[in-house]
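Report on the structure given below.
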Amino acid sequence: MVTAGNPAIQAFARSIDAELQFAQILISREGAGFELRHVGDLGRRAEELDGVLEGELTEVAKFTGAGEYRPLKSAPDLRSGWRCEIRGEEELERALERLYPGAVADWFASREGRAEAADYREFTGRQTGMYRLTAKLEEGEVADTVAAVCDARSCLKRRLWTAPGSGPDEECEKSMIVCLEPCALLLEFARTVKRMEQEGDCRPQLTRGDLQTVRASLERSLRSSETTVRSADFSSPENSRRVRLALRRIERALEKAEEEGD
């Protein structure tokens with residue numbers, strides 16, 4: 001519930017000079033209010049963009065430009081082509097809550113030194129039901145999971161929580177939005193990783209050249225925008241996070257092959 005005089009939004013508004021980039025949102029001061037638009041629309045005339053009301057930003061955040069549902073609001077796939085006029089701090093808080101839920105409160109807590117970032121082992125150790133499996137990941141599996149899910153191409157939140165083999169993100173790598181604990185998407189992917197590990201090893205005989213070919217194919221897959229696989233469909237081998245996981249393992253295998261070759 002939004003309350004007048006919220007110190008978090010007051011501090012956030014004070015941090016805005018002429019304009020401020022908040023993940024994929026460009027916030028500009030407009031008199032006593034603000035204008036919100038996609039950062040990709042910087043420089044476009046107002047009449048070139050669709051005007052939306054603050055209450056309509058929920059729909060803006062719900063789907064990508066291609067019409068795909070966005071399960072992760074901090075993913076770098078917010079659609080562009082719109083602008084929203086905001087009439088003060090209270091409305092700004094509601095608008096940002098629709099676009100990036102909880103982001104202003106977490107930013108403020110972090111700035112004030114009151115943010116409590118989780119530890120992967122402690123956090124997953126408290127999980128019950130289907131997510132109990134996430135506590136069983138080995139250190140390398142946790143590092144691979146974090147690298148695949150928390151990559152800047154998948155999530156713009158700056159991770160403050162810790163994990164084996166993975167230090168916190170640098171602010172310059174992501175955005176002002178902080179991440180204090182593993183999200184449901186990461187837990188679901190971690191569960192997928194553990195299930196794949198439980199399927200057993202399959203080690204085909206591949207040469208270094210084969211591995212280089214596989215790596216090139218995976219890299220090309222990540223650069224392609226043609227995939228129709230939903231971002232949270234981890235059952236598909238074409239899912240971008242699964243591709244990044246496989247690419248990370250291929251790169252490790254190549255490093256090992258090069259070391260042994262030397």
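Numbers here simply count residues along the sequence, with the first being 1.
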Got a sec, which residues hit salt bridge (Lys or Arg N to Asp or Glu O under 4.0 Å) with [X], two or more places apart in sequence or on another chain?
{"X": "D77", "result": "R70"}
{"X": "K194", "result": "E141"}
{"X": "R252", "result": "D144"}

Sub-3.5 Å donor-acceptor pair from the side chain of [X] to the main-chain atoms of [Y], do we have one?
{"X": "Y131", "Y": "A190", "answer": "no"}
{"X": "D169", "Y": "R159", "answer": "yes"}
{"X": "R244", "Y": "L218", "answer": "no"}
{"X": "S175", "Y": "L156", "answer": "yes"}
{"X": "Q21", "Y": "A23", "answer": "yes"}
{"X": "K174", "Y": "K157", "answer": "yes"}
{"X": "E97", "Y": "G102", "answer": "yes"}
{"X": "D41", "Y": "R44", "answer": "no"}
{"X": "S217", "Y": "T213", "answer": "yes"}
{"X": "R98", "Y": "T58", "answer": "no"}

Quick one: are [X] and [Y] in side-chain contact, heavy atoms under 4.5 Å?
{"X": "W161", "Y": "F123", "value": "no"}
{"X": "S15", "Y": "L20", "value": "yes"}
{"X": "R242", "Y": "P237", "value": "yes"}
{"X": "F34", "Y": "R29", "value": "yes"}
{"X": "L99", "Y": "K73", "value": "no"}
{"X": "E35", "Y": "E19", "value": "no"}
{"X": "C155", "Y": "S74", "value": "yes"}

Please walk me through it: do F108 and N6 pass side chain to side chain contact (heavy atoms under 4.5 Å, CB included)? CA-CA 11 Å; F108 183 65; N6 187 321; 6.0 Å; no
Which heavy atom of [X] sits nearest to which heavy atom of [Y], and what is that distance?
{"X": "L53", "Y": "E56", "value": "N-OE1, 2.7 Å"}
{"X": "F234", "Y": "R241", "value": "CE2-CD, 3.7 Å"}
{"X": "Q127", "Y": "L187", "value": "OE1-CD1, 3.9 Å"}
{"X": "L78", "Y": "H38", "value": "O-NE2, 3.0 Å"}
{"X": "L92", "Y": "I86", "value": "N-CG2, 3.3 Å"}
{"X": "P182", "Y": "Y120", "value": "CG-CD1, 4.3 Å"}

When rounded to the nearest 0.5 Å, the distance separating OG1 of T162 from CG of D119 is 4.0 Å
What's the spacing between I16 CD1 and I27 CD1 if we round to 0.5 Å? 4.5 Å
If the threshold is 4.0 Å, N to carboxylate O, is there a salt bridge linking [X] and [Y]?
{"X": "E85", "Y": "R87", "answer": "no"}
{"X": "D151", "Y": "R153", "answer": "yes"}
{"X": "R248", "Y": "E251", "answer": "no"}
{"X": "E59", "Y": "K62", "answer": "yes"}

Could you check whether atom CD of E47 has more than 12 heavy atoms from other residues, nucleotides or ligands sitting under 6.0 Å from it? yes
Is the CZ atom of R132 crowded by more than 12 outside heavy atoms at less than 6.0 Å? no
Worked verdict on L57 versus V52 for side chain to side chain contact (heavy atoms under 4.5 Å, CB included): CA-CA 7 Å; L57 290 175; V52 298; 3.8 Å; yes
Run the side chain to side chain contact (heavy atoms under 4.5 Å, CB included) check on E93 and E89 step by step: do they pass? CA-CA 6 Å; E93 182 179 14; E89 293 178 0; over 6 Å; no
Centroid separation F12 to W107 less than 6.0 Å: yes
